[in-house]
Amino acid sequence: MSDRHEHSHSHDHTHGHGHRHGLRHRMTHLLAPHSHETADKVDSALESSARGMRALWVSLAVLGVTALAQAAVVAVSGSVALLGDTVHNAADALTALPLGIAFVLGRRAATRRFTYGYGRAEDLAGLVIVLTIAASAAFAGWTAVDRLLDPRPVAHVPVVAVAALVGFAGNEWVARYRIRVGRSIGSAALVADGLHARTDGFTSLAVLLGAGGSALGWQLADPVVGLLITAAIALVLRDAAREVFRRVLDAVDPALVDRAEQALTEVPGVRGVGELRLRWIGHRLRAEVAVVVDGDATVREAHRIAVDAEHALLHAVPRLTAALVHADPEPAPGESDPHLPLAHHIAA
(Lines give C-alpha, C1' and ligand atoms only; values in the text may rest on other atoms or scores of the structure.)
Protein backbone atom coordinates (compact mmCIF):
# COMPACT_ATOMS: atom_id res chain seq x y z
CA MET A 1 0.00 0.00 0.00
CA SER A 2 1.29 3.47 -0.83
CA ASP A 3 0.04 6.18 1.47
CA ARG A 4 0.63 9.85 0.98
CA HIS A 5 -0.51 12.20 3.74
CA GLU A 6 0.17 15.80 4.46
CA HIS A 7 -1.03 17.56 7.60
CA SER A 8 -0.63 21.13 8.81
CA HIS A 9 -1.38 22.49 12.28
CA SER A 10 -2.10 26.00 11.00
CA HIS A 11 -5.01 27.11 8.82
CA ASP A 12 -3.64 25.24 5.79
CA HIS A 13 -6.66 22.92 5.42
CA THR A 14 -9.14 24.49 3.07
CA HIS A 15 -11.62 21.74 2.32
CA GLY A 16 -12.74 18.16 2.88
CA HIS A 17 -11.68 15.80 5.60
CA GLY A 18 -8.46 17.74 6.28
CA HIS A 19 -10.44 20.84 7.21
CA ARG A 20 -12.80 18.98 9.53
CA HIS A 21 -9.97 17.14 11.24
CA GLY A 22 -7.83 20.28 11.50
CA LEU A 23 -10.70 22.12 13.21
CA ARG A 24 -11.28 19.25 15.63
CA HIS A 25 -7.55 19.00 16.34
CA ARG A 26 -7.29 22.73 17.10
CA MET A 27 -10.35 22.56 19.38
CA THR A 28 -8.71 19.66 21.24
CA HIS A 29 -5.60 21.79 21.76
CA LEU A 30 -7.72 24.66 22.98
CA LEU A 31 -9.72 22.66 25.53
CA ALA A 32 -7.11 20.17 26.76
CA PRO A 33 -4.31 21.30 29.08
CA HIS A 34 -0.82 21.23 27.54
CA SER A 35 2.69 21.92 28.76
CA HIS A 36 3.93 24.12 25.91
CA GLU A 37 6.24 26.93 26.96
CA THR A 38 4.56 30.32 26.68
CA ALA A 39 6.42 31.29 23.50
CA ASP A 40 5.74 27.88 21.91
CA LYS A 41 1.94 28.07 21.72
CA VAL A 42 0.20 28.78 18.47
CA ASP A 43 -1.89 31.42 20.21
CA SER A 44 1.32 33.23 21.30
CA ALA A 45 1.81 34.62 17.79
CA LEU A 46 -0.36 37.65 18.55
CA GLU A 47 0.99 37.90 22.07
CA SER A 48 4.59 37.94 20.84
CA SER A 49 3.79 40.68 18.32
CA ALA A 50 2.22 42.72 21.11
CA ARG A 51 5.31 42.24 23.27
CA GLY A 52 7.49 43.32 20.36
CA MET A 53 5.40 46.46 19.84
CA ARG A 54 5.56 47.28 23.54
CA ALA A 55 9.35 46.89 23.52
CA LEU A 56 9.58 49.20 20.51
CA TRP A 57 7.49 52.01 21.93
CA VAL A 58 9.10 51.92 25.37
CA SER A 59 12.60 51.96 23.89
CA LEU A 60 11.59 54.66 21.40
CA ALA A 61 10.55 56.91 24.27
CA VAL A 62 13.75 56.28 26.25
CA LEU A 63 16.05 56.79 23.27
CA GLY A 64 14.09 59.83 22.11
CA VAL A 65 14.58 61.58 25.45
CA THR A 66 18.26 60.57 25.48
CA ALA A 67 18.87 61.88 21.96
CA LEU A 68 17.12 65.18 22.67
CA ALA A 69 19.20 65.73 25.81
CA GLN A 70 22.41 64.98 23.93
CA ALA A 71 21.43 67.18 20.99
CA ALA A 72 21.03 70.15 23.34
CA VAL A 73 24.55 69.56 24.67
CA VAL A 74 25.96 69.23 21.12
CA ALA A 75 24.46 72.60 20.22
CA VAL A 76 26.34 74.38 23.01
CA SER A 77 29.55 72.31 23.05
CA GLY A 78 30.34 71.58 19.41
CA SER A 79 31.58 68.06 20.31
CA VAL A 80 31.84 65.99 17.13
CA ALA A 81 32.12 62.75 19.16
CA LEU A 82 28.91 63.54 20.99
CA LEU A 83 27.30 64.55 17.69
CA GLY A 84 28.09 61.12 16.22
CA ASP A 85 26.68 59.43 19.30
CA THR A 86 23.54 61.59 19.19
CA VAL A 87 22.92 60.83 15.52
CA HIS A 88 23.34 57.14 16.21
CA ASN A 89 20.89 57.33 19.11
CA ALA A 90 18.34 59.18 16.97
CA ALA A 91 18.72 56.65 14.15
CA ASP A 92 18.32 53.81 16.62
CA ALA A 93 15.11 55.35 17.94
CA LEU A 94 13.73 55.75 14.42
CA THR A 95 14.28 52.08 13.58
CA ALA A 96 11.26 51.43 15.79
CA LEU A 97 9.07 52.68 12.94
CA PRO A 98 9.80 49.98 10.30
CA LEU A 99 9.81 47.31 12.99
CA GLY A 100 6.47 48.54 14.31
CA ILE A 101 4.99 48.40 10.81
CA ALA A 102 6.37 44.87 10.40
CA PHE A 103 4.82 43.68 13.67
CA VAL A 104 1.45 45.13 12.67
CA LEU A 105 1.63 43.49 9.23
CA GLY A 106 2.63 40.19 10.83
CA ARG A 107 -0.73 40.06 12.62
CA ARG A 108 -2.66 40.05 9.35
CA ALA A 109 -4.16 36.79 8.16
CA ALA A 110 -2.77 34.98 5.15
CA THR A 111 -4.40 35.69 1.77
CA ARG A 112 -4.53 33.94 -1.57
CA ARG A 113 -1.64 36.11 -2.72
CA PHE A 114 0.38 36.03 0.51
CA THR A 115 -0.36 32.44 1.44
CA TYR A 116 2.22 32.38 4.26
CA GLY A 117 1.02 35.67 5.70
CA TYR A 118 3.09 38.82 6.16
CA GLY A 119 5.66 37.63 8.68
CA ARG A 120 8.58 38.21 6.32
CA ALA A 121 7.96 41.95 6.60
CA GLU A 122 9.94 41.64 9.82
CA ASP A 123 12.97 40.48 7.83
CA LEU A 124 12.62 43.50 5.54
CA ALA A 125 12.57 45.71 8.64
CA GLY A 126 15.80 44.01 9.72
CA LEU A 127 17.38 45.02 6.41
CA VAL A 128 16.25 48.61 7.01
CA ILE A 129 17.93 48.49 10.43
CA VAL A 130 21.18 47.23 8.88
CA LEU A 131 21.11 50.05 6.32
CA THR A 132 20.40 52.56 9.10
CA ILE A 133 23.41 51.34 11.08
CA ALA A 134 25.56 51.62 7.94
CA ALA A 135 24.34 55.17 7.28
CA SER A 136 25.04 56.26 10.86
CA ALA A 137 28.56 54.78 10.62
CA ALA A 138 29.21 56.70 7.41
CA PHE A 139 27.95 59.96 8.90
CA ALA A 140 29.96 59.58 12.11
CA GLY A 141 33.11 58.75 10.13
CA TRP A 142 32.70 61.66 7.74
CA THR A 143 32.13 64.12 10.60
CA ALA A 144 35.19 62.85 12.50
CA VAL A 145 37.47 63.12 9.46
CA ASP A 146 36.20 66.63 8.77
CA ARG A 147 37.01 67.66 12.34
CA LEU A 148 40.49 66.08 12.06
CA LEU A 149 41.17 68.26 9.04
CA ASP A 150 39.68 71.33 10.74
CA PRO A 151 40.26 70.99 14.53
CA ARG A 152 38.10 73.07 16.86
CA PRO A 153 37.98 73.17 20.66
CA VAL A 154 35.16 71.51 22.58
CA ALA A 155 33.24 73.79 24.92
CA HIS A 156 31.48 72.86 28.17
CA VAL A 157 33.49 69.64 28.61
CA PRO A 158 31.83 68.63 31.95
CA VAL A 159 28.39 68.87 30.37
CA VAL A 160 29.57 66.71 27.45
CA ALA A 161 30.79 64.11 29.96
CA VAL A 162 27.41 64.05 31.72
CA ALA A 163 25.60 63.74 28.37
CA ALA A 164 27.83 60.78 27.50
CA LEU A 165 26.90 59.03 30.74
CA VAL A 166 23.21 59.69 30.07
CA GLY A 167 23.64 58.20 26.59
CA PHE A 168 25.28 55.07 27.98
CA ALA A 169 22.63 54.51 30.63
CA GLY A 170 19.71 54.99 28.22
CA ASN A 171 21.18 52.81 25.50
CA GLU A 172 22.27 49.96 27.73
CA TRP A 173 18.81 49.76 29.30
CA VAL A 174 17.17 49.74 25.87
CA ALA A 175 19.67 47.17 24.56
CA ARG A 176 18.97 44.72 27.37
CA TYR A 177 15.23 45.19 26.98
CA ARG A 178 15.17 44.73 23.20
CA ILE A 179 17.54 41.77 23.15
CA ARG A 180 15.63 40.01 25.94
CA VAL A 181 12.26 40.47 24.25
CA GLY A 182 13.68 39.75 20.78
CA ARG A 183 15.15 36.43 21.87
CA SER A 184 12.03 35.56 23.80
CA ILE A 185 9.76 35.99 20.77
CA GLY A 186 12.32 34.86 18.17
CA SER A 187 12.67 38.22 16.39
CA ALA A 188 16.08 38.57 14.70
CA ALA A 189 15.25 42.15 13.73
CA LEU A 190 14.52 43.16 17.33
CA VAL A 191 17.73 41.47 18.54
CA ALA A 192 19.67 43.34 15.84
CA ASP A 193 18.08 46.57 17.02
CA GLY A 194 19.13 45.73 20.58
CA LEU A 195 22.72 45.18 19.44
CA HIS A 196 22.49 48.54 17.73
CA ALA A 197 21.50 50.19 21.01
CA ARG A 198 24.27 48.39 22.93
CA THR A 199 26.89 49.79 20.57
CA ASP A 200 25.43 53.24 21.11
CA GLY A 201 25.94 52.74 24.84
CA PHE A 202 29.61 51.86 24.53
CA THR A 203 30.22 54.67 22.06
CA SER A 204 28.70 57.03 24.60
CA LEU A 205 31.38 55.90 27.03
CA ALA A 206 33.97 56.57 24.33
CA VAL A 207 32.74 60.16 24.20
CA LEU A 208 33.94 60.44 27.81
CA LEU A 209 37.47 59.75 26.59
CA GLY A 210 37.17 62.53 24.06
CA ALA A 211 35.89 64.90 26.70
CA GLY A 212 38.77 63.94 29.01
CA GLY A 213 41.32 64.48 26.26
CA SER A 214 39.83 67.86 25.43
CA ALA A 215 39.96 68.82 29.12
CA LEU A 216 43.69 68.00 29.10
CA GLY A 217 44.23 70.23 26.09
CA TRP A 218 44.49 67.60 23.34
CA GLN A 219 42.36 69.15 20.63
CA LEU A 220 42.36 66.04 18.41
CA ALA A 221 40.94 63.82 21.16
CA ASP A 222 37.35 64.53 20.12
CA PRO A 223 37.66 63.61 16.40
CA VAL A 224 39.91 60.62 17.20
CA VAL A 225 37.23 59.26 19.52
CA GLY A 226 34.73 59.98 16.76
CA LEU A 227 36.71 57.63 14.51
CA LEU A 228 36.75 54.99 17.25
CA ILE A 229 32.99 55.31 17.47
CA THR A 230 32.77 54.76 13.72
CA ALA A 231 34.82 51.57 14.06
CA ALA A 232 32.54 50.35 16.88
CA ILE A 233 29.46 51.01 14.76
CA ALA A 234 31.06 49.03 11.92
CA LEU A 235 31.54 46.04 14.26
CA VAL A 236 27.91 45.99 15.32
CA LEU A 237 26.94 46.44 11.68
CA ARG A 238 28.75 43.19 10.92
CA ASP A 239 26.96 41.30 13.72
CA ALA A 240 23.54 42.73 12.90
CA ALA A 241 23.96 42.08 9.17
CA ARG A 242 24.97 38.48 9.80
CA GLU A 243 21.92 37.93 12.04
CA VAL A 244 19.47 39.50 9.59
CA PHE A 245 20.87 38.01 6.37
CA ARG A 246 20.89 34.54 7.89
CA ARG A 247 17.22 34.98 8.67
CA VAL A 248 16.47 36.24 5.15
CA LEU A 249 18.20 33.13 3.75
CA ASP A 250 16.07 30.84 5.98
CA ALA A 251 18.95 29.81 8.25
CA VAL A 252 18.05 28.13 11.54
CA ASP A 253 20.06 26.91 14.49
CA PRO A 254 21.15 23.32 13.67
CA ALA A 255 20.33 22.42 17.28
CA LEU A 256 16.65 23.01 16.46
CA VAL A 257 16.88 20.51 13.60
CA ASP A 258 18.49 17.96 15.92
CA ARG A 259 15.78 18.58 18.50
CA ALA A 260 13.03 18.09 15.93
CA GLU A 261 14.56 14.88 14.59
CA GLN A 262 14.93 13.47 18.09
CA ALA A 263 11.29 14.25 18.90
CA LEU A 264 10.08 12.58 15.69
CA THR A 265 12.05 9.38 16.26
CA GLU A 266 10.27 8.94 19.59
CA VAL A 267 6.78 9.04 18.04
CA PRO A 268 5.14 5.57 17.98
CA GLY A 269 4.71 4.43 14.40
CA VAL A 270 7.48 6.60 12.94
CA ARG A 271 10.10 4.23 11.50
CA GLY A 272 12.35 6.89 10.07
CA VAL A 273 12.69 10.61 9.44
CA GLY A 274 13.29 11.77 5.91
CA GLU A 275 13.69 15.32 4.70
CA LEU A 276 13.20 17.87 7.50
CA ARG A 277 13.07 21.60 6.87
CA LEU A 278 12.59 24.50 9.27
CA ARG A 279 12.19 28.14 8.32
CA TRP A 280 11.44 31.40 10.08
CA ILE A 281 8.55 33.57 8.93
CA GLY A 282 9.03 36.70 10.99
CA HIS A 283 9.42 35.47 14.57
CA ARG A 284 7.55 32.22 14.02
CA LEU A 285 8.87 28.85 12.86
CA ARG A 286 7.31 26.49 10.30
CA ALA A 287 8.35 22.90 9.66
CA GLU A 288 8.05 20.52 6.73
CA VAL A 289 8.99 16.89 7.26
CA ALA A 290 8.61 13.45 5.71
CA VAL A 291 8.28 10.49 8.10
CA VAL A 292 8.44 6.79 7.21
CA VAL A 293 5.53 4.61 8.39
CA ASP A 294 4.52 0.98 8.00
CA GLY A 295 3.78 0.30 4.34
CA ASP A 296 0.72 -1.75 5.31
CA ALA A 297 -0.77 0.99 7.48
CA THR A 298 -4.21 2.25 6.56
CA VAL A 299 -4.80 5.85 5.60
CA ARG A 300 -6.34 6.48 9.03
CA GLU A 301 -3.34 4.95 10.81
CA ALA A 302 -0.89 6.99 8.73
CA HIS A 303 -2.95 10.09 9.45
CA ARG A 304 -2.85 9.42 13.20
CA ILE A 305 0.94 8.98 13.10
CA ALA A 306 1.28 12.25 11.17
CA VAL A 307 -0.84 14.08 13.76
CA ASP A 308 1.21 12.59 16.59
CA ALA A 309 4.40 13.64 14.80
CA GLU A 310 3.13 17.18 14.41
CA HIS A 311 2.09 17.27 18.06
CA ALA A 312 5.55 16.12 19.13
CA LEU A 313 7.18 18.84 17.04
CA LEU A 314 4.99 21.56 18.52
CA HIS A 315 6.05 20.49 22.01
CA ALA A 316 9.74 20.03 21.18
CA VAL A 317 10.62 23.02 18.99
CA PRO A 318 10.34 26.50 20.54
CA ARG A 319 8.25 29.04 18.61
CA LEU A 320 7.05 26.44 16.09
CA THR A 321 3.50 27.34 15.08
CA ALA A 322 2.88 25.09 12.07
CA ALA A 323 4.13 21.75 10.77
CA LEU A 324 3.43 20.00 7.47
CA VAL A 325 3.94 16.24 7.88
CA HIS A 326 4.15 13.87 4.89
CA ALA A 327 3.90 10.13 5.52
CA ASP A 328 5.97 7.83 3.27
CA PRO A 329 5.37 4.04 3.26
CA GLU A 330 8.31 1.92 4.32
CA PRO A 331 9.70 0.38 1.10
CA ALA A 332 9.00 -3.30 0.50
CA PRO A 333 11.57 -5.62 -1.15
CA GLY A 334 11.46 -5.22 -4.93
CA GLU A 335 9.06 -2.27 -4.78
CA SER A 336 9.94 0.75 -6.90
CA ASP A 337 10.28 4.17 -5.31
CA PRO A 338 6.76 5.69 -5.21
CA HIS A 339 8.33 9.13 -5.78
CA LEU A 340 9.95 8.07 -9.05
CA PRO A 341 7.43 9.99 -11.24
CA LEU A 342 8.65 13.19 -9.53
CA ALA A 343 12.33 12.58 -10.23
CA HIS A 344 12.51 14.50 -13.51
CA HIS A 345 10.81 17.52 -11.89
CA ILE A 346 13.31 17.53 -9.03
CA ALA A 347 16.25 17.21 -11.43
CA ALA A 348 14.97 20.16 -13.45
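Since this is a predicted model, take the numbers as computed values, not measurements.
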Quiz prompt | Test side-chain hydrogen bond (donor to acceptor under 3.5 Å, both in side chains) applied to Glu330 - qualifying residues, sequence neighbours left out | solution = Arg271
Quiz item: What's the shortest heavy-atom distance between Leu227 and Val145, and which atoms?
Solution: CD2-CG2, 4.0 Å
Self-check item: Student check: side-chain heavy atoms of Leu127 and Val130 closer than 4.5 Å
Solution: no
Self-check item: Distance (rounded to the nearest 0.5 Å) between Leu320 CG and Arg284 CZ
Solution: 12.5 Å
Exercise. Decide yes or no for Tyr177 and Glu172: does some side-chain heavy atom of the first lie under 4.5 Å from some side-chain heavy atom of the second?
Key: no
Self-check item: Path from Val162 to Leu165 over hydrophobic side-chain contacts below 4.5 Å
Solution: no
Quiz item: Using links of under 4.5 Å between side-chain heavy atoms of ILVMFWY residues, direct or through other members, which residues join Ile281 in one cluster?
Solution: Tyr116
Quiz item: Within the side chain of Thr115, is there an N or O that forms a donor-acceptor pair under 3.5 Å with the backbone of Arg112?
Solution: no
Quiz item: Excluding sequence neighbours, so at least two apart, what forms salt bridge (charged side-chain N to carboxylate O under 4.0 Å, His left out) with Arg277?
Solution: Glu275
Quiz item: In chain order, what residues pass the salt bridge (charged side-chain N to carboxylate O under 4.0 Å, His left out) check against Glu266, with sequence neighbours excluded?
Solution: none
Self-check item: Results of side-chain hydrogen bond (donor to acceptor under 3.5 Å, both in side chains) for Arg120 - residues two or more places apart only
Solution: Asp123, Asp250
Quiz prompt | For Ala110 against Gly117, the heavy-atom pair lying closest together | solution = CB-N, 3.7 Å
Would you mind writing out the side-chain donor-acceptor pairs for residues 240-247 within the sub-3.5 Å range, not counting sequence neighbours?
| unit_1 | atom_1 | unit_2 | atom_2 | d |
| --- | --- | --- | --- | --- |
| Arg242 | NH2 | Asp239 | OD1 | 3.0 |
| Arg247 | NH1 | Gly186 | O | 3.2 |
| Arg247 | NH1 | Gly282 | O | 3.0 |

Quiz item: So which heavy atom on Gly295 is nearest to which on Pro329, and how close?
Solution: CA-CB, 3.9 Å
Practice problem: State which residues pass ring pair (Phe, Tyr, Trp, His ring centres under 6.0 Å) with Phe114; sequence neighbours excluded, sorted by chain then number. | Solution: Tyr118
Quiz item: Taking all atoms of both residues into account, what is the closest heavy-atom pair of Ala260 and Leu313, and its distance?
Solution: CB-CD2, 3.6 Å
Practice problem: Please name the pair of heavy atoms, one in Leu190 and one in Ala55, separated by the smallest distance, quoted to 0.1 Å. | Solution: CD2-CB, 4.4 Å
Quiz item: Could you give the distance from CG (Leu249) to CZ (Arg279), rounded to the nearest 0.5 Å?
Solution: 11.5 Å
Quiz item: After noting the C-alpha distance and the side-chain angles of Val273 and Val289, does the key distance pass the side-chain contact (heavy atoms from CB on, under 4.5 Å) rule?
Solution: CA-CA 8 Å; Val273 179; Val289 60; 4.0 Å; yes
Quiz item: Rounded to the nearest 0.5 Å, how far does CG of Leu105 lie from CG of Leu124?
Solution: 9.5 Å
Exercise. Check whether Ile101 and Ile129 end up in the same hydrophobic cluster, where Ile, Leu, Val, Met, Phe, Trp and Tyr are linked by side-chain heavy atoms less than 4.5 Å apart.
Key: no
Exercise. Could you grab the distance from atom OG1 of Thr66 to atom CH2 of Trp173, nearest 0.5 Å is fine?
Key: 10.5 Å
Quiz item: Please, which pairs that meet salt bridge (Lys or Arg N to Asp or Glu O under 4.0 Å) have at least one residue in residues 128-145, sequence neighbours excluded?
Solution: none
Quiz prompt | Pairing residues for Trp280 by the ring pair (Phe, Tyr, Trp, His ring centres under 6.0 Å) criterion, not counting sequence neighbours | solution = none
Quiz item: Which pairs with one or both residues in residues 57-70 pass salt bridge (Lys or Arg N to Asp or Glu O under 4.0 Å), sequence neighbours excluded?
Solution: none
Quiz item: Does the side chain of Thr321 come within less than 4.5 Å of Leu285's, by heavy atoms?
Solution: no
Exercise. For Arg183, enumerate each residue passing the salt bridge (charged side-chain N to carboxylate O under 4.0 Å, His left out) test, keeping only those at least two apart in sequence or located in another chain.
Key: none
Quiz item: If only atom types and distance count, is the side chain of Gln262 paired as donor or acceptor with the main-chain N or O of Arg259 below 3.5 Å?
Solution: no
Self-check item: Connected via hydrophobic side-chain network under 4.5 Å: Val317 and Val252
Solution: yes
Practice problem: Please report the closest heavy-atom contact between Ala125 and Pro98, naming both atoms and the distance. | Solution: CB-O, 3.7 Å
Quiz item: Apart from Leu235 itself, what residues make up its hydrophobic cluster, given side-chain heavy atom links below 4.5 Å?
Solution: none
Exercise. Find out whether Asp328 and Val291 are in side-chain contact, i.e. whether some heavy atom of one side chain is under 4.5 Å from a heavy atom of the other.
Key: no
Self-check item: Distance (rounded to the nearest 0.5 Å) between Asp294 CG and Glu301 CD
Solution: 7.5 Å
Quiz item: Are any of the side-chain heavy atoms of Pro268 and Ile305 separated by less than 4.5 Å?
Solution: no
Quiz item: Between atom CG of Leu278 and atom CZ of Arg319, what is the distance when rounded to the nearest 0.5 Å?
Solution: 12.0 Å
Self-check item: Hydrophobic cluster membership, Val104 vs Val181, 4.5 Å side-chain cutoff
Solution: yes
